[in-house]
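Atoms within a ligand are numbered from 1 in the order they appear, just like the ligands themselves.
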Amino acid sequence: MRFFSTKNKVVSVGFKDALFQGLSSDGGLFMPETIPHLGTDFFNSKLNYSECAVGMIHPFTKDDLTHSQLTDICESAFDFPIPIKELNDTDSVLELFHGPTLAFKDFAARFMAHTMSHFLENENKELTILVATSGDTGSAVANGFFNIDGIKVIILYPSNRVSTIQEKQLTTLGGNITALEIDGSFDDCQRMVKTAFQDTDLRSRLSLSSANSINVARLLPQTVYYAWAWKQYGKDIPVIFSVPSGNFGNLTAGLLANRMGIPVEKFIAATNANDTFSNFLNNGIIQNQDAIQTISNAMDVGIPSNLDRIQNLYYNDVNQVKTDISSWSFSDKATKDCIQNIRNEFEYLIDPHTAIGILGLNQYREKTNSKAKGITLSTAHPGKFSDVIEPIIKNKIPLPLSLKIAMKKEKNSIKMSKHFSELKDYLLST
Ligand SMILES: *Cc1c(COP(=O)(O)O)cnc(C)c1O
């Protein structure tokens with residue numbers, strides 16, 4: 001399978017190159033040349049999670065990875081539970097937060113880490129992974145790549161805009177992981193990373209790779225849990241997926257899963273106050289805006305980078321996008337009320353991102369009266385956002401053990417301005 005650049009269809013690379021390059025040298029994002037249709041027979045067959053993952057990912061990677069190599073990667077990457085919590089007859093929550101850093105980013109980060117480590121096994125080169133994070137990507141990537149030989153990870157995160165726990169998770173690993181604390185927003189961090197990739201001088205001197213959702217290798221593993229969730233209901237019934245969205249990598253993976261054969265009635269792109277996407281659906285215009293800070297901070301993205309991919313999947317026709325996706329944006333106040341309501345009604349604690357997803361599903365049902373099964377993707381463990389949640393529910397929430405350990409460690413970051421030149425100097429000096 002070849003992967004082409006969204007900026008120029010003539011530029012195409014194989015899976016391994018797409019994985020290591022991250023972003024195409026023309027600034028475009030890689031997209032698979034074709035999306036294999038597996039059909040509901042495949043999805044209805046009895047498969048465990050890694051078998052399902054191998055079946056879905058293999059068509060994209062088979063030029064570079066054998067079936068058995070991919071099986072090894074998937075078995076070691078996806079070794080944690082993926083429960084579905086049913087709230088009532090129609091609504092359920094897909095808990096994607098049982099990986100080591102307690103957010104859904106573990107799926108993609110662990111897949112990438114195991115895949116890159118496989119390819120680097122017999123090579124004697126040092127790779128630098130640059131990653132911008134709004135909170136959870138950084139820790140998932142850091143954790144996934146921690147102690148992998150030949151790989152250095154540099155994380156850029158916006159100072160004072162990630163939760164205390166997220167910051168501890170990012171800054172306390174040490175070893176091959178370095179955290180840069182940027183005086184700016186997530187969009188600034190993302191821009192710095194993108195600029196680094198387009199800097200030919202830098203790229204000729206360093207072997208750079210990215211682990212942001214600009215990397216197509218992150219999307220592939222994220223297609224699998226859509227299938228996994230759908231399989232619980234099965235029998236060709238379309239479901240609704242509500243996806244709390246920031247950079248829209250998760251949602252884009254859902255769109256790929258849909259084209260591979262998962263029947264979907266509608267995708268809900270649920271966002272916080274950062275409403276670039278719902279505006280786009282309303283008026284067809286992508287208006288870049290500065291990121292607004294909210295309590296669902298991992299989705300504080302003004303310029304979602306995967307919009308390029310979505311545009312590409314729908315031939316730049318917003319009306320086609322609207323047939324598959326609805327989108328609404330929700331305030332912090334609505335988010336807090338939702339956390340409280342879900343707790344009262346179901347004795348179930350959700351994090352602020354998941355709350356946005358649930359609000360999106362509720363809104364869709366109100367507008368359409370649809371009674372289809374609705375699955376909200378739960379993207380983080382509530383314990384990660386205890387500083388937001390505890391004042392809402394007026395109660396302490398117990399921290400999972402891994403978070404307790406991280407909280408006890410000393411933060412270790414390098415402060416930096418949002419000027420690219422400073423990042424470049426730093427990268428060349430280490
Ligand atoms: C990253 C993240 C999101 C947003 O996912 P995208 O793929 O960027 O849209 C939502 N929730 C949490 C907890 C996240 O960490």
Side-chain angles (χ1 to χ4, degrees), residues 29 93-109 131-144 155 157-158 161-163 165-167 169-170 186-187 189-190 210-223 225-226 241-257 267-272 274-278 291 294-310 325 327 329-330 335 339 350-360 376-386 388-389 403:
L29 304 180
V93 174
L94 178 65
E95 295 188 353
L96 299 174
F97 54 72
H98 295 279
T101 70
L102 308 177
F104 83 104
K105 303 259 170 30
D106 282 324
F107 285 88
V131 57
T133 185
S134 56
D136 291 327
T137 298
S139 46
V141 168
N143 193 287
I155 303 168
Y157 75 96
R161 298 202 194 190
V162 302
S163 81
I165 291 175
Q166 285 174 325
E167 184 169 46
Q169 284 185 307
L170 291 176
F186 168 68
D187 289 317
C189 299
Q190 185 153 265
S210 141
N212 273 107
S213 52
I214 52 180
N215 196 314
V216 72
R218 272 190 52 178
L219 297 187
L220 303 178
Q222 292 187 98
T223 59
Y225 45 70
Y226 285 91
F241 282 110
S242 184
V243 188
S245 295
N247 232 345
F248 283 72
N250 206 3
L251 187 96
T252 305
L255 300 175
L256 295 180
F267 286 97
I268 318 294
T271 69
N272 57 28
N274 294 282
D275 57 1
T276 307
F277 191 75
S278 51
T294 73
I295 58 168
S296 46
N297 67 316
M299 312 196 304
D300 292 351
V301 182
I303 313 164
S305 51
N306 283 287
L307 283 190
D308 273 0
R309 289 200 169 102
I310 295 178
I325 313 172
S327 180
S329 115
F330 300 96
T335 309
I339 292 172
I350 51 172
D351 92 291
H353 305 81
T354 307
I356 300 260
I358 288 186
L359 288 166
T376 296
L377 272 55
S378 178
T379 48
H381 189 291
K384 274 193 107 159
F385 298 92
S386 53
V388 173
I389 297 174
L403 293 185

Sub-3.5 Å N/O-N/O distance, [X] and ligand 1:
X	value
Ala298	no
Ser245	no
Asp351	no

Please list, in number order, the atoms of ligand 1 under 4.0 Å from a heavy atom of [X].
X	value
Gly249	6 (P), 7 (O), 9 (O)
Asp136	12 (C), 13 (C), 14 (C), 15 (O)
Ala380	13 (C)
Asn247	6 (P), 8 (O), 9 (O)
Asn250	7 (O)

Show the nearest heavy-atom pair for residues Ser386 and Ile165, with the distance to one decimal.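 Result for this residue pair: OG-CD1, 3.5 Å.
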Shortest non-hydrogen contact between Ser278 and Ser329, atoms and distance: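 Scanning both residues, the minimum pair turns out to be OG-CB, 4.2 Å.
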Backbone N or O of Thr294 within a donor-acceptor pair of the Asn272 side chain at under 3.5 Å?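 Answer holds: no.
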Closer than 3.5 angstrom, by distance alone: can the side chain of Asp300 be matched with the main-chain N or O of Ala291 as a donor-acceptor pair?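 Not a single qualifying donor-acceptor pair exists.
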Angle between ring planes, His353 versus Phe385, binned at 30° and 60°: parallel, tilted or perpendicular?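 If you compare the ring of His353 with that of Phe385, the planes turn out tilted.
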Phe267 vs Phe241 aromatic rings, parallel, tilted or perpendicular, using cut-offs 30° and 60°?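 Correct class here is parallel.
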Would Thr101 and Asn143 satisfy side chain to side chain donor-acceptor pair (under 3.5 Å), going step by step from the backbone distance to the final call? CA-CA 7 Å; Thr101 70; Asn143 193 287; over 6 Å; no
Can Pro244 be said to touch ligand 1, with heavy atoms closer than 4.0 Å?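 Contact present.
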From Lys105, Met299, His353 - option closest to atom 2 (C) of ligand 1 by heavy atom: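 Selected option, by shortest heavy-atom distance: Lys105.
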Nearest to atom 5 (O) of ligand 1 by heavy atom, Phe104, Phe97, Phe248: which?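 Heavy atom nearest to atom 5 (O) of ligand 1 belongs to Phe104.
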Going through the checks in order, is the side-chain contact (heavy atoms from CB on, under 4.5 Å) test met by Val93 and Ile358? CA-CA 9 Å; Val93 174; Ile358 288 186; 4.2 Å; yes
